[in-house]
Amino acid sequence: MYGIPVYLFTLGIELQLNSIAQGTIIQFPDNPILREPNILIHSVESYVNTTTGLTKTPGGLTVISQNGGTGLLINFVDDKNQNRIFNHPYMAFNAPSNNGVPREVSPFRMVMQKSSVQVVDGTNLTAGQGIYLVFNYSTLALRNEHKK
Amino acid sequence: MKKIILPVEEKNLQNFPRIYFQKQIVCVIPTTAQAGQLFYFNPDGNIDNSIVLGLQFLPQDNVGSKTYFLVNNNALPPNSKQSPNADASYTLITLKNKKDEAIVQDYPVNGLANVVNANVNRVVRYHTEICLKKCFLQWQGNAPAQNLYFYFSIFYKPKN
């Protein structure tokens with residue numbers, strides 16, 4: 001079936017929602033894996049707190065609710081300082097909301113520290129909750145190494 | 001931008017599904033589990049010498065008439081059950097290879113369940129080697145009332 005991607009690697013990233021004030025921008029932390037120059041992001045998945053989703057992040061934060069997720073926008077910036085994803089809804093990356101298919105992107109190199117999540121409606125969010133995104137990525141160097 | 005060319009065999013794998021070999025693997029989270037604790041899979045020689053193509057979580061949940069994910073709970077020890085999605089929402093999976101590199105890190109187990117994803121067959125493909133005894137589930141809930149048996153279908157093909 002078209003749309004089921006081939007992933008080589010997957011990494012989950014959590015962000016703590018320190019403020020729910022409208023307009024709050026939460027930068028992604030630097031990540032030693034995704035920082036590598038040969039890493040290409042292929043698709044992104046967002047998670048919300050449902051019995052069929054994710055309740056707690058690896059760091060023990062309670063994941064935001066489905067209604068809370070509708071109040072967030074995502075921004076991804078690439079290594080040429082271009083906005084590859086600009087103000088795209090968090091829930092648009094939620095696979096169960098997209099007939100089970102994770103949203104793919106044309107592979108690009110993401111700069112984590114320039115990428116962010118923006119709060120546009122904090123009504124159903126609570127400070128201290130966790131935002132959880134999964135990045136499916138590949139690296140040309142490691143891909144070749146694994147074929148040896 | 002430089003055009004990215006996928007290896008030929010990856011292109012061939014785009015046509016879902018193509019099962020070379022499949023087997024069921026299980027990881028147990030006991031009633032003594034605490035938040036943050038890791039539970040490892042048992043080693044498996046077949047998997048360790050293969051290229052893993054995909055992984056699918058098999059929850060207990062009975063969605064409509066789709067009961068084919070159910071395993072025989074009578075075969076499980078007392079006070080045990082096949083994990084449903086609700087318990088899986090507290091669980092993350094990490095897969096590593098022999099070099100201890102994380103192929104999959106902190107992936108929500110429910111993300112691997114097709115019952116969650118509008119019944120689209122949700123096989124996340126990895127197409128790489130893993131070492132099963134280095135792979136684990138991370139539990140983030142309170143101690144479960146029953147021992148939870150997490151069943152997965154793993155899809156693989158021999159290296160050569």
Side-chain angles (χ1 to χ4, degrees), chain A residues 1-14 31 33 40 42-43 45-63 78-80 82 94-102 106-109 130 132 134-136 138-140 142-148, chain B residues 1-2 4-7 9-17 35-36 51 53-54 59 61 63 84-95 97 99 101-111 113-129 138-141 159:
Chain A
M1 179 187 290
Y2 181 78
I4 304 294
V6 177
Y7 303 145
L8 286 183
F9 298 94
T10 300
L11 176 68
I13 299 280
E14 63 180 276
N31 183 281
I33 296 172
L40 296 170
H42 287 244
S43 68
E45 300 171 48
S46 66
Y47 282 83
V48 289
N49 188 347
T50 62
T51 54
T52 56
L54 181 68
T55 304
K56 294 278 188 181
T57 66
L61 303 176
T62 299
V63 178
D78 70 11
D79 58 348
K80 295 184 176 61
Q82 300 176 109
N94 183 245
S97 305
N98 291 291
N99 288 328
V101 179
S106 178
F108 71 99
R109 298 186 178 97
Y132 201 68
V134 170
F135 296 92
N136 301 300
S138 70
T139 147
L140 292 174
L142 285 175
R143 174 186 288 155
N144 292 333
E145 190 175 322
H146 281 293
K147 290 190 179 302
K148 286 178 184 173
Chain B
M1 178 177 285
K2 187 180 177 183
I4 293 158
I5 301 169
L6 292 175
E9 54 186 328
E10 285 192 17
K11 283 184 187 171
N12 292 342
L13 284 170
Q14 296 283 356
N15 294 322
F16 176 85
I51 303 292
L53 302 176
D61 302 69
V63 178
N85 289 122
D87 291 305
S89 76
Y90 290 92
T91 316
L92 300 126
I93 188 168
T94 293
L95 304 177
N97 63 16
K99 297 175 187 171
E101 297 167 331
I103 306 301
V104 174
Q105 195 168 327
D106 298 333
Y107 194 88
V109 167
N110 272 334
N114 77 349
V115 289
V116 173
N117 292 292
N119 290 320
V120 170
N121 279 320
R122 186 77 170 86
V123 177
V124 178
R125 297 183 184 284
Y126 293 107
H127 198 263
T128 188
E129 296 171 37
Q138 181 179 350
W139 176 252
Q140 284 293 7
K159 279 183 191 170

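First the proteins, then the strands, lettered A, B, ... as listed; each starts at 1.
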My understanding is that only one of B:Asp106, B:Val109, B:Leu92 makes a side chain to side chain contact (heavy atoms under 4.5 Å, CB included) with A:Leu54; could you say which?
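Of the listed residues B:Asp106, B:Val109, B:Leu92, the side chain to side chain contact (heavy atoms under 4.5 Å, CB included) partner of A:Leu54 is B:Leu92.
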Which of these passes side chain to side chain contact (heavy atoms under 4.5 Å, CB included) with B:Gln105: A:Val134, A:Ile33, A:Thr10?
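So, applying the side chain to side chain contact (heavy atoms under 4.5 Å, CB included) to B:Gln105 and each of A:Val134, A:Ile33, A:Thr10, only A:Ile33 qualifies.
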Closest approach of [X] to [Y] (non-hydrogen atoms, all atoms of both residues):
| X | Y | answer |
| --- | --- | --- |
| A:Gly53 | B:Asn110 | O-ND2, 3.0 Å |
| A:Phe9 | B:Ala102 | CD2-O, 3.7 Å |
| B:Gly111 | A:Tyr47 | CA-OH, 3.3 Å |

Sub-3.5 Å donor-acceptor pair from the side chain of B:Asn85 to the main-chain atoms of A:Thr52, do we have one?
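Checked: no pair found.
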For the CD atom of B:Gln140 and the OG1 atom of A:Thr62, what is their distance to the nearest 0.5 Å?
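It comes to 10.0 Å.
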How far does CG of A:Asn136 sit from OH of B:Tyr107, to the nearest 0.5 angstrom?
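One finds 6.0 Å between CG of A:Asn136 and OH of B:Tyr107.
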